[in-house]
Structure formats: structure tokens, C-alpha cells
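The basis for the numbers below is simple: all heavy atoms, side chains too, and nothing from hydrogens, waters or symmetry mates. Whatever order the structure lists ligands and atoms in, that order sets their numbers, starting from 1. The residues of the chain are indexed from 1 along the displayed sequence.
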Amino acid sequence: MTHSALPIIIDCDPGQDDALMLFMALKAPELEVLGIVAVAGNVPLAATALNIRILADICQRTDVPLFAGCDKPLIQPLVTAENVHGKTGIDGIELYEPQVQLQTQHGVDFIVETLLNATQQITIVATGPLTNIAAAILKAPQITDKIKQFIIMGGAMFEGGNITPSAEFNAYVDPHAFDIVLKAGRPIFAFGLDVTHQVLSSPDRIAAIRNLDNPVAKTAADLLEYFDRYDSQKYGTEGAPLHDPCTIAFLLQPELFELKACACQIETNSELTLGHTAVDFWQVTGKEPNIQWAHTVDVEGFFTLLTERLAVYGDH
Ligand code: RIB
Ligand code: CA
């Protein structure tokens, strides 16, 4: 029996790690990428929107429609992370003006229209602040019936925060959007810092990617070499955590991850702990679980998958 590809919409804020996620997704026969939507996050929307164009062009996937979504969070002022990702968001490679253009439709309207017209449920992969997803749900709540599942990079529990002591960046930038997704009543598979901090792109792993000797793998290695510098220094580790590719790795090889059904709430008021994801891992609240929280990953298996999927770009 042939397995038809899983239809997905990708919402992201490239970001070097978002780029690696896109490289995996755009060459995966298991996935049908219906569209890629940029959101403001790591860098402002103008930059993330240019970056999805460049990254789709590098992957020779300019057949996938590209959209710009929201340029700021639902309520919070935009917080960006140029200190981590560089001014462009994908520092490490030369930017250029690709031929492929954005669709004129707003990304939120693309999400709403695609889901309303869908004849089968669609998976939402989100690796930036969840602003576009939440805005789409606010605009047309009935779209949740067409959402198969959310696969998100966001949140932190045992690992602590990366933008504040208690909050992970994507959750912190738009906690109100994260809250809307948590309450959307659809399955959520969440890859927070608890698991992404286990997958570190060490120099050896980057060298293995560079040795694949194809343009996309070279781009990935260049991006990772830049991305490594900040987190390696911050955490004193050899390599930076590859947050966003965990989402696609899960879709391609779910057995790489261990997840636990947990009740999760997010702080949307406190200045001190804004964006904190209170993941009830030990079930002390008695609340019904609303997410599958990833907590363990087969690190070697992850990098084998990542390297294999980048190698395919060299096949002709
Ligand atoms: O906290 C890490 C997350 O924030 C990643 O998705 C990174 O790209 C940034 O968006
Ligand atoms: Ca991201």
C-alpha cells in the first residue's frame, strides 16, 4: 500500500535552525508542504520573509507557495534575537534577492483558506512564535476541525528558559498565541528546550554535513558554524542546540523521541515569568493533559537522519 504524503503547513522565523528544518522538510517524500509562512521572531518579518524565499530557492523548491504573516505578536511588543542569529537571521551565508516572490495573500489568510478548503486534516509545523497560527484561529475558529495536529518547537520546563530564566524564546515572544494553541483542542506535540538542548551540532557533526559535498549541505554547514558560536559560549557546550529540526525529525522518525502526555499552561501576565510553560510532568495538578511533551531523544539517530536527508540533495 502506498502511503500518501502527509500534508503540512510550515510556519517559521528563519533562523539558522529553522533553515535546517526547512532543508529536511523540503526534500522529504513523506511530506507534502502546502505552504511556508514567515512570522516575526528571530528577526523582523521583512527578514524572515526574505529568508524563506532564499531557503526555498537554495532547496530548488520554489514550487511551494511562500507567504508573509504577522509582523508582531498578538499583544506583546516584538522581541527579536539578532544576538543569536545575526542581523539577517541566517548569518553564516550570503543573502541574495531570489527570483521567487512571496504570494500577495497574507499568511494568516492562507492558513485559514487552506484549512477551510481542505478535504483532509492538515498538520501544522510551527518553529517560531505562534502568532500566525493563533491569528488564524481567532479569525476562523472552525479551522481547528481541519487541523490534524500541531508539531511545535517551543516551551521549556526542566531546562529553564533561554530568553529569560523561565521562558523559551518562541513562547516568550508571543505567550498569548501559545495559550490559544494550547486551548485549541487539537493534538500538540511540543519540542521544547528539554529535548532540543540534547541535540548539539558539534564540530564533528558539522564536518560530516559539510563532507556531503552538495550545495544544500554546504549551506547547512555554513549556517551551523555561525549558529554554534553563541550557544557554545553561553552554555559552555561544544555545539548549539538544533531546536527546529526536531519537529520534522519527529514526523519522519517518531521513534527517535520519547514524549509524555502532560497538562501545560503558559504564563501570560507576570513580568517575571512571562512565557513560562508550566508543564505538569509529574501530574501534580490533576489537570487533563493537553500536550505530548518531548523529553528524550536518540541524539545519534537524530544526526544520522539529518545527515541522510541532507545527503539526498546531492542525488541527481
Ligand atoms: O528558543 C529557540 C527557538 O527560538 C527556535 O525556534 C529559534 O529558531 C527561535 O525561533
Ligand atoms: Ca525558529
Side-chain angles (χ1 to χ4, degrees), residues 9-25 36-45 47-52 55 69-70 72-73 76 78-92 107 124-133 150-175 177-178 181 189-201 220 223-224 226-232 234-235 237 239-250 266 274-277 279 294 297:
I9 290 173
I10 297 176
D11 191 278
C12 57
D13 64 335
Q16 290 86 355
D17 56 328
D18 302 78
L20 272 282
M21 175 276 296
L22 288 172
F23 292 166
M24 288 182 83
I36 302 171
V37 187
V39 67
N42 284 322
V43 286
L45 180 67
T48 58
L50 171 61
N51 294 347
I52 63 171
L55 297 166
C70 298
K72 59 184 179 305
Q76 294 297 121
L78 177 61
V79 171
T80 52
E82 287 86 348
N83 58 324
V84 179
H85 298 273
K87 186 170 176 3
T88 71
I90 52 174
D91 280 34
I124 304 287
V125 175
T127 61
L130 295 173
T131 313
N132 292 333
I133 312 304
F150 294 104
I151 316 290
I152 68 171
M153 189 280 140
M157 183 58 195
F158 296 111
E159 192 66 12
N162 58 1
I163 182 81
T164 72
S166 51
E168 177 278 324
F169 180 80
N170 289 336
Y172 175 78
V173 169
D174 200 335
F178 204 106
V181 171
F189 296 84
F191 296 81
L193 301 184
D194 294 7
V195 75
T196 67
H197 275 197
Q198 298 172 37
V199 285
L200 300 178
S201 59
L223 288 167
L224 290 177
Y226 180 87
F227 188 48
D228 251 9
R229 85 214 182 289
Y230 181 85
D231 280 344
S232 298
K234 175 177 178 180
Y235 297 112
T237 52
L242 271 190
H243 308 286
D244 297 336
C246 286
T247 57
I248 300 300
F250 173 70
I266 186 164
L274 186 73
H276 173 67
T277 43
V279 178
V297 56

Open item on the list: Taking 4.0 angstrom as the limit and counting only heavy atoms of Asn170, give me the atoms of ligand 1 inside it, by number and element.
Closed with: 3 (C), 4 (O), 5 (C), 6 (O), 9 (C), 10 (O)
Open item on the list: Under a 4.0 angstrom heavy-atom cut-off, which atoms of ligand 1 come close to Met153?
Closed with: 2 (C), 3 (C), 5 (C), 6 (O)
- [ ] Would you mind naming the N, O or S atom of Asp244 nearest to the Ca ion (ligand 2)?
- [x] OD2
- [ ] Would you mind listing which atoms of ligand 1 come within a distance below 4.0 Å of any non-hydrogen atom of His243?
- [x] 2 (C)
Open item on the list: To check your reading of the model: name the closest protein heavy atom to atom 2 (C) of ligand 1, its residue, and the distance in Å.
Closed with: Glu168 OE2, 3.4 Å
Task: Close side-chain approach of Asp11 to Phe150, heavy-atom, < 4.5 Å - done: no
Open item on the list: Do Val43 and Glu82 make a side-chain contact, defined as non-hydrogen atoms from C-beta onward lying under 4.5 Å apart?
Closed with: yes
- [ ] For Asp17, take its heavy atoms, then give the atoms of ligand 1 lying under 4.0 Å from any of them.
- [x] 5 (C), 6 (O), 7 (C), 8 (O)
Open item on the list: Does any part of the side chain of Cys12, heavy atoms only, come nearer than 4.5 Å to the side chain of Thr48, both counted from C-beta?
Closed with: no
Task: Minimum-distance N/O/S atom that Asp13 presents toward the Ca ion (ligand 2) - done: OD1
- [ ] Could you point out which residue of Leu78, Leu45, Thr131 forms a side-chain contact (heavy atoms from CB on, under 4.5 Å) with Cys70?
- [x] Thr131
Open item on the list: Counting C-beta onward and ignoring hydrogens, is there a side-chain heavy-atom pair between Asn51 and Gln16 closer than 4.5 Å?
Closed with: no
TODO: State, to the nearest 10 degrees, the angle whose vertex is the Ca ion (ligand 2) and whose arms point to O of Thr127 and OD1 of Asp18.
DONE: 140°
- [ ] State, with a plain yes or no, whether a side-chain heavy atom of His243 is found less than 4.5 Å away from one of Asp18.
- [x] no
- [ ] Any atoms of ligand 1 less than 4.0 Å from a non-hydrogen atom of Asn42? List them with their elements.
- [x] 7 (C), 8 (O), 9 (C), 10 (O)
Task: Closest approach of any protein heavy atom to atom 6 (O) of ligand 1, naming residue and atom - done: Asp244 OD1, 2.6 Å
Open item on the list: Within the structure provided, determine whether Ile152 and Phe191 are in side-chain contact (heavy-atom separation under 4.5 Å).
Closed with: no
Open item on the list: So if I count the atoms of ligand 1 from 1 in the order they appear, which ones are less than 4.0 Å from some heavy atom of Phe169?
Closed with: 1 (O), 4 (O), 9 (C), 10 (O)
